[in-house]
Amino acid sequence: MKIRRLASSPLTILFICAVVIYCIVLWHIYQNSEIAITGDAAEYIRSAHNLIDHHVIYCGDLSEPVNPDLFSRRLFMYPALIAFVIYLFNNYYLVIGLQMMLVFINVFLILTLLKEMNVSEKWSRICAAIYLIYPSQIIFTGIIMTEILLQSFLLSAFFFYSRFFRERTLMNLFLYNLMLMGAVATKPVMLYIWLPNIVVHLWAYAKERKRLILVFPAMLLILISAWSYRNERMTGVYHFSSIRNHNLLNYNIRSLLTVKYGQVEADRVIDDIEMHAEQRNTYPEKYDYLESRIKDILKEYPLEYAAHHMKGLLNFFLDPGRFELCAFFNCVESVSFSTLYNRYGYGAVFRYLMRAPVHMLIIILATAIINLALFVSFFYFIVARRRIEFECWAWLMMICAYIALITGPIGASRFRLPIFPFLVIIFALTRLRVSGIKSVGPLIY
């Protein structure tokens with residue numbers, strides 16, 4: 001009877017349907033292998049092969065002249081995972097299967113957290129469904145990129161963090177920091193999380209008065225320092241990742257200048273900076289020159305850039321994922337809506353929607369509705385009177401605001417995906433408040 005009841009439960013049916021959908025999508029990706037290696041995938045795969053063959057993290061071709069930028073552009077966690085799979089099975093496509101497993105582990109963590117927060121089974125199932133069938137979530141599961149792994153590390157970190165404040169055990173705090181280390185080692189966007197993490201531990205120490213708590217933040221600082229020192233040995237510059245300057249110049253500043261002066265002038269300025277950088281004799285000189293030019297431009301347009309950066313927040317929360325949809329459906333145009341807007345304005349976005357294929361338009365509109373609901377619930381969660389316990393509320397606010405602000409003008413759905421589980425959890429909690437439920441257990445006050 002128990003087996004029959006379990007098999008017919010709504011959650012089991014949801015999981016079965018989700019597995020079927022994921023398998024169909026992943027089979028489509030397997031049949032169209034160019035989807036799996038879109039975007040940054042090629043650099044991660046090269047890094048994995050270089051790790052196996054040459055014992056070095058380098059995302060370029062070592063048979064060609066060495067580019068120092070490529071020693072630090074990609075971090076080591078994801079290439080190490082790909083290398084492990086290649087070493088064991090000689091097939092990096094199995095990384096996609098591993099990412100699918102992570103997705104279902106993540107939904108289990110989401111359901112566990114919602115249960116501990118006394119969210120009803122009905123709304124837990126709804127949130128699990130949103131997480132599992134969200135188009136960007138499904139597509140990026142099948143692409144060799146860091147989004148799913150970073151999402152898994154962050155969600156696991158929050159899981160152990162919330163457990164620490166419930167169980168008061170230092171092992172949970174250690175595991176929380178271990179997961180954060182995995183996140184920092186996966187993607188450079190996590191570099192500055194060490195600073196709010198110190199604040200988190202100072203608060204925990206103020207409540208618990210255990211001195212060992214103050215030691216845990218050093219885990220992130222040791223990791224960041226060690227990798228930066230490694231990069232100094234390789235390139236002559238002490239830095240965490242070269243992608244920082246690359247993104248600031250080619251995305252943030254380029255998009256700012258495009259909005260202000262047009263694409264032709266923006267491209268001319270960026271090309272001129274890169275040409276003068278290449279004329280430097282050494283990599284440290286090139287690195288310092290790029291950094292100084294970036295700072296000069298940001299100082300020249302402080303208010304314009306601040307406004308431009310804040311507009312990126314809107315794209316971050318609302319972008320419906322044109323980039324991954326175009327990759328999945330093999331469209332000619334594969335740039336994101338944020339890129340389309342930065343180059344040609346919001347009018348270009350609407351013009352695209354007017355001529356988009358019907359199947360893509362349906363997915364985009366459905367995704368946009370979900371994004372809008374999550375966006376509204378997030379801002380309601382900030383000011384809602386009834387919240388989960390303060391520590392968890394503050395951490396959710398911190399991680400969502402951190403990723404959104406660091407991403408800035410290049411805000412797109414792929415950059416939102418690492419915090420997507422948190423937006424889903426927040427949606428469940430704010431839905432409880434909107435429904436007028438007065439008490440949802442000891443975690444709400």
**Evaluation steps, side-chain contact (heavy atoms from CB on, under 4.5 Å), between Y78 and I144** = CA-CA 9 Å; Y78 197 54; I144 308 293; 3.8 Å; yes
**Request:** Can you establish whether the number of heavy atoms outside F329 located under 6.0 Å from its atom CZ is more than 12?
**Result:** yes
**Asked** So do the side chains of N197 and N177 get within less than 4.5 Å of each other, counting heavy atoms only?
**Response** yes
**Asked** Is atom CZ of F379 surrounded by more than 12 heavy atoms (other residues, nucleotides or ligands) closer than 6.0 Å?
**Response** yes
**Asked** Rounded to the nearest 0.5 Å, what separation is found between the OG1 atom of T407 and the CD1 atom of I419?
**Response** 8.0 Å
**Request:** Specify whether F76 and W227 have parallel, tilted or perpendicular ring planes, treating 30° as the upper limit for parallel and 60° as the lower limit for perpendicular.
**Result:** tilted
**Side chains of R74 and R46 in contact at under 4.5 Å (non-hydrogen atoms)** = no
**Message:** For the CD1 atom of I243 and the CG atom of D40, what is their distance to the nearest 0.5 Å?
**Reply:** 6.0 Å
**Message:** How long is the straight-line distance from CG of L223 back to CG of L180, given to the nearest 0.5 Å?
**Reply:** 10.5 Å
**Request:** Only one of F390, Y402, F158 passes ring-ring contact (aromatic ring centres under 6.0 Å, His included) with W395; say which it is.
**Result:** F158
**Asked** Roughly how far, to the nearest 0.5 Å, is the CD1 atom of I198 from the CG atom of L221?
**Response** 5.5 Å
**Prompt:** Looking at side-chain heavy atoms only, is the closest gap between L429 and W393 below 4.5 Å?
**Reply:** no
**Prompt:** Is the closest basic N to carboxylate O distance between R414 and E324 below 4.0 Å?
**Reply:** no
**Asked** Are Q137 and Y22 close enough that some pair of their side-chain heavy atoms sits under 4.5 Å apart?
**Response** yes
**Prompt:** What about the rings of F165 and Y161, do their centers lie closer together than 6.0 Å?
**Reply:** yes
**Message:** Is it the case that over 12 heavy atoms from other parts of the model lie below 6.0 angstrom from the OH atom of Y238?
**Reply:** yes
**Asked** Can W194 and Y192 be said to form a side-chain contact (heavy atoms from CB on, under 4.5 Å), step by step?
**Response** CA-CA 5 Å; W194 66 267; Y192 302 108; 4.3 Å; yes
**Request:** Check whether any side-chain heavy atom of L62 lies under 4.5 Å from a side-chain heavy atom of D53, and answer yes or no.
**Result:** no
**Asked** Can you tell if the side chain of L154 reaches within under 4.5 Å of the side chain of F422, non-hydrogen atoms only?
**Response** yes
**Prompt:** With a 4.5 Å limit on heavy-atom distance, are the side chains of T112 and E116 in contact?
**Reply:** yes
**Message:** Could you check, using the six-membered ring where one of them is a Trp, whether F420 and Y134 have ring centers closer than 6.0 angstrom?
**Reply:** yes
**CG/N91: more than 12 non-hydrogen atoms of other groups inside 6.0 Å** = yes
**Request:** Run the numbers on M100 and C23 for side-chain contact (heavy atoms from CB on, under 4.5 Å), then give the verdict.
**Result:** CA-CA 9 Å; M100 182 175 172; C23 287; 3.9 Å; yes
**Prompt:** So, N245 and H239: side-chain donor and acceptor under 3.5 Å apart, yes or no?
**Reply:** no
**Asked** Pick from L314, L313, I370, L423: which one makes a side chain to side chain contact (heavy atoms under 4.5 Å, CB included) with F375?
**Response** L314
**Asked** Does one side chain, of N67 or Y58, offer a donor that lies under 3.5 Å from an acceptor on the other?
**Response** no
**Request:** Apply side-chain contact (heavy atoms from CB on, under 4.5 Å) to S255 and H308, showing your working.
**Result:** CA-CA 9 Å; S255 61; H308 184 61; 2.8 Å; yes
**Message:** Quick one, F159 and L175 - any side-chain contact, counting heavy atoms below 4.5 Å?
**Reply:** no
**Asked** For atom CZ of F104, is the number of surrounding heavy atoms from other residues, nucleotides or ligands below 6.0 Å larger than 12?
**Response** yes
**Message:** Which heavy atom of A185 sits nearest to which heavy atom of L75, and what is that distance?
**Reply:** O-CB, 3.1 Å
**Message:** Quick check for you: to the nearest 0.5 Å, what is the distance between L248 atom CG and I253 atom CD1?
**Reply:** 6.5 Å
**Message:** I'd like to know whether CD of E121 has more than 12 heavy-atom contacts from other residues, nucleotides or ligands below 6.0 angstrom.
**Reply:** no
**Message:** I'd like to know whether the aromatic ring centres of H49 and Y92 sit less than 6.0 Å apart in this structure.
**Reply:** no
